[in-house]
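Structure, as structure tokens:
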Amino acid sequence: MLVNMWMSREVVVVPPTMPIAQVGAELARRGVRRVPVVEPGPRGGRLVGIVSILDLTRAFPPDVNPLSPMATEQGPRQPVSTIMTANVRTIGADAALEDAAMILLDRRIGALPVMRDHEIVGIITASDILRAFVAAMGGDTPGIRVTFDLDAGDNVTGLVTELATRHDMSVVTVLSLEREGRRLGVVRVTGRGADAFVDAVWQSGHRVISVVRSAAGAVGR
């Protein structure tokens, strides 16, 4: 999956000269938690910073909510450039989504402006990546999600495909991962042969760790 598949394309931006108090009103009006700061110019302008609701909270008097209606009158009049983060980490629109996730984790930040040819074309947030993760795991697709142990060298895709075909199940998602020194397989399948599929995983020599049945709850085995 690519960043441009999950980013928000309607990006709210503010100029570096906008008063801090007015930026708070803009965040409240648009319902966002951060905005890129863009110097107006040709081709949409130049990205020079980013400011978050946390930055605003630190700049406002302690008794004033930066998103409240009174914030415009009671908030700081200095330009937002005085509190913005100037060294902005960005990502390309065609970058892999996992690259964006790694940057957010490593930098402990909540969003990345998305660039194409030096122009801001979107913003990707931690919430967007969580939505992508839910979709990749099958979301609310009816069926079961089975987590089981894998041995070194196991071909999880081949195993799951063979068992699903045998028991008239459709594979929605399949992946393998390392966790706490263990290699795990995670598969979501749908169809009428759910119980037979789980039994077949056991009989193939793989210990089933959990079985989650759609949105109805979980059954461990």
Side-chain angles (χ1 to χ4, degrees), residues 1-9 33-34 89-116 121-221:
M1 292 188 289
L2 303 179
V3 167
N4 62 30
M5 298 169 63
W6 294 96
M7 70 184 187
S8 299
R9 300 178 186 276
R33 299 183 59 82
R34 60 190 64 79
R89 191 67 162 86
T90 64
I91 194 162
D94 297 323
L97 193 65
E98 59 266 30
D99 292 342
M102 288 299 298
I103 294 171
L104 294 182
L105 284 171
D106 290 345
R107 296 297 184 95
R108 297 184 180 180
I109 54 179
L112 291 168
V114 182
M115 311 297 290
R116 178 177 281 126
V121 294
I123 191 165
I124 188 87
T125 69
S127 294
D128 294 327
I129 293 173
L130 284 174
R131 287 193 299 109
F133 171 78
V134 171
M137 292 300 294
D140 293 330
T141 304
I144 60 171
R145 187 179 73 243
V146 185
T147 303
F148 54 96
D149 280 328
L150 288 173
D151 296 325
D154 276 346
N155 180 351
V156 63
T157 302
L159 170 68
V160 168
T161 301
E162 192 275 327
L163 296 181
T165 302
R166 186 193 308 170
H167 297 285
D168 198 25
M169 301 289 286
S170 296
V171 179
V172 180
T173 59
V174 58
L175 60 88
S176 64
L177 67 153
E178 299 281 344
R179 183 64 178 170
E180 297 179 346
R182 302 166 66 184
R183 187 170 176 234
L184 303 176
V186 184
V187 58
R188 182 184 287 271
V189 291
T190 183
R192 296 182 178 180
D195 291 336
F197 176 86
V198 174
D199 288 340
V201 174
W202 275 105
Q203 292 166 13
S204 69
H206 298 85
R207 186 173 70 91
V208 175
I209 298 170
S210 71
V211 178
V212 179
R213 301 179 184 272
S214 64
V219 177
R221 295 188 60 170

List the steps and the verdict of side-chain contact (heavy atoms from CB on, under 4.5 Å) for Leu97 and Leu2.
CA-CA 5 Å; Leu97 193 65; Leu2 303 179; over 6 Å; no
To the nearest 0.5 Å, atom CZ of Arg188 lies from atom OG1 of Thr147 at 10.0 Å
Taken to the nearest 0.5 Å, the spacing of Ile103 CD1 from Leu112 CG works out to 5.5 Å
| Quick one: does Arg9's side chain have a donor or acceptor within less than 3.5 Å of a partner on Asn4's backbone? | yes
So CG of Leu159 and OG of Ser204: to nearest 0.5 Å the spacing works out to 5.0 Å
Atom CG of residue position Asp168 - does it have more than 12 heavy atoms of other residues, nucleotides or ligands inside 6.0 Å?
no
Report task. Please lay out, stage by stage, how Arg207 and Asp151 fare under the test salt bridge (Lys or Arg N to Asp or Glu O under 4.0 Å). Result -> CA-CA 10 Å; Arg207 186 173 70 91; Asp151 296 325; over 6 Å; no
Open item on the list: Take a 6.0 Å sphere around CE of Met1 and say whether it holds more than 12 heavy atoms from other residues, nucleotides or ligands.
Closed with: yes
Output for pair (Phe197 CZ, His167 NE2), nearest 0.5 Å, gives 8.0 Å
Between Asp128 (side chain only) and Thr125 (backbone N and O only), is there a donor and an acceptor less than 3.5 Å apart? yes
Run the numbers on Leu177 and Val186 for side-chain contact (heavy atoms from CB on, under 4.5 Å), then give the verdict.
CA-CA 8 Å; Leu177 67 153; Val186 184; 3.7 Å; yes
Ion pair check, Asp149 and Arg182, cut-off under 4.0 Å
yes
- I would like to know whether Leu150 and His206 meet side-chain contact (heavy atoms from CB on, under 4.5 Å); could you show each step before the answer? CA-CA 6 Å; Leu150 288 173; His206 298 85; 4.1 Å; yes
Query raised in the report: Charged N to carboxylate O below 4.0 Å: is that the case for Glu162 and Arg166?
Result: yes
### Task
Considering only NZ, NE, NH1 and NH2 on the basic side and carboxylate oxygens on the acidic side, decide whether Arg213 and Asp195 come within less than 4.0 Å.
yes
Before accepting this row, confirm whether a basic side-chain N of the pair Asp154/Arg183 lies closer than 4.0 Å to the acidic partner's carboxylate O. no
Margin query: For Val187 and Thr173: C-alpha separation, side-chain torsions, deciding distance, then whether side-chain contact (heavy atoms from CB on, under 4.5 Å) applies.
Written below: CA-CA 6 Å; Val187 58; Thr173 59; over 6 Å; no
To the nearest 0.5 Å, atom OG of Ser176 lies from atom CZ of Phe148 at 9.0 Å
